[in-house]
Number of protein chains: 2
Amino acid sequence: MPTDLPVSYETFWQDERLACAVSAALGVIAGRWKVLILRELLPGAQRFNQLQRALVGISSKVLTEQLRQMEQDGIIHRQDFAELPLRVEYALTPLGRQLHPVLHLMHQWGSDYLARQPQRWEQWVSQDD
Amino acid sequence: MPTDLPVSYETFWQDERLACAVSAALGVIAGRWKVLILRELLPGAQRFNQLQRALVGISSKVLTEQLRQMEQDGIIHRQDFAELPLRVEYALTPLGRQLHPVLHLMHQWGSDYLARQPQRWEQWVSQDD
DNA sequence: CAGGATCCCGTGGGATACTG
DNA sequence: CAGTATCCCACGGGATCCTG
């Protein structure tokens, strides 16, 4: 039912439906590995195995799942070069690249949060640093 | 949308551990009802039943869980007025209030996303409008 | 190389009922 | 009013092995 979205500052967050936009954004990036995948793709396109090596601990099944979802959500693009050995590259779409400011702000808040809740560090620390 | 990013742009996202900050922020707001609770609390403190009435469909158990987690995460504060009938108020902490810009940016991105993926609307639409 | 196919499991969250 | 106490289940995600 809600179609046009008046994204003005005054109406922000007033309307029930506007909350959905936040939930939608959340749904798109809330996967276990998605922000990490986004980070890997920020510098440029990456191949499947490059991603898998970067994301230490992820299985190929899960990586495939996350990539497929992100592709369906329109934030990454999958390019299959029909050649042997197989070569597939994943890259951010414009929409995906527009997540950068969001991630940046989340990072800022998160850093502040972690500084105040040091005991909560360990659950977010990557194993591979 | 802000394509130009503020200050510490160089350090952002370079380090493994900086990704954790994003994941941490995500973990704090990723609950099924948390952004909705945040929105309810933005105008000011709310009582338990006020929240439950606003969040149509939530059970008291789940509401309690989400509130407890958010309290533990330091983004809301629980004030128990020891009086009868029982009265407990939940309010944002300063840290919680600092999520506002994050939510705002997520809302902007989400609106853009929903505009491009109209078929995905329904899964985010609230039932109570 | 880039996945598919299976099997498996913890847990976030829902439904319902009860209580100080 | 502001919660507990149980029971329950889907599903996101992990582990392992297989393939065009």
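A note on names: the letters A, B, ... follow the listed sequences, proteins ahead of strands, and every chain is numbered from 1.
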>> Rounded to whole Å, please give me the gap between CZ in Arg32(B) and P in dG12(D).
In response: 13 Å
>> From C-beta outward on Trp33(A), which listed nucleotide comes closest to its side chain: dG3(D), dG14(D), dT16(C)?
In response: dG14(D)
> Axis-to-axis angle across the helix from dC1(C)-dG20(D) to dG20(C)-dC1(D), five pairs an end, to 10 degrees?
Replying inline: 60°
> Tell me the salt bridge (charged side-chain N to carboxylate O under 4.0 Å, His left out) pairs involving residues 98-115 of chain A, sequence neighbours left out?
Replying inline: Asp112(A)-Arg116(A)
> Reckon Gln52(B) touches a base, only the sugar-phosphate, or nothing at all at heavy-atom distances under 4.0 Å?
Replying inline: nothing
> Choosing from dG13(C), dG3(D), dA2(C), which nucleotide comes nearest the side chain of Asn49(A)?
Replying inline: dA2(C)
All N/O donor-acceptor pairs, side-chain side in residues 59-67 of chain A, below 3.5 Å, sequence neighbours left out:
| residue | atom | partner | partner atom | Å |
| --- | --- | --- | --- | --- |
| Ser59(A) | OG | Val62(A) | N | 3.3 |
| Thr64(A) | OG1 | Ser60(A) | O | 2.6 |
| Gln66(A) | OE1 | Trp33(A) | N | 3.3 |

Taking only distance into account, with no hydrogens and no angle test, what donor-acceptor pairs under 3.5 Å do side-chain atoms of residues 78-96 of chain B form with protein atoms, sequence neighbours excluded?
| residue | atom | partner | partner atom | Å |
| --- | --- | --- | --- | --- |
| Arg78(B) | NE | Tyr90(B) | OH | 3.3 |
| Glu83(B) | OE2 | Arg87(B) | NH1 | 3.4 |
| Arg87(B) | NH2 | Glu89(B) | OE2 | 3.4 |
| Thr93(B) | OG1 | Gly74(B) | O | 2.6 |
| Thr93(B) | OG1 | Ile75(B) | O | 3.3 |
| Thr93(B) | OG1 | Leu95(B) | N | 3.4 |
| Thr93(B) | OG1 | Gly96(B) | N | 3.0 |

Detail all sub-3.5 Å separations between protein N/O atoms and N/O atoms belonging to nucleotides 5-11 of chain D.
none

> Of all the choices, dG13(C), dG13(D), dA2(C), which nucleotide is nearest to the side chain of Phe48(A) once you look at every atom?
Replying inline: dA2(C)
> Where along residues 82-89 of chain A does a heavy atom fall under 4.0 Å from DNA chain D?
Replying inline: Leu86(A)
> Touch check for Phe81(A), heavy atoms < 4.0 angstrom, all strands: base, sugar-phosphate only, or nothing?
Replying inline: nothing
> Of all the choices, dG13(D), dA2(C), dG4(C), which nucleotide is nearest to the side chain of Arg47(A) once you look at every atom?
Replying inline: dA2(C)
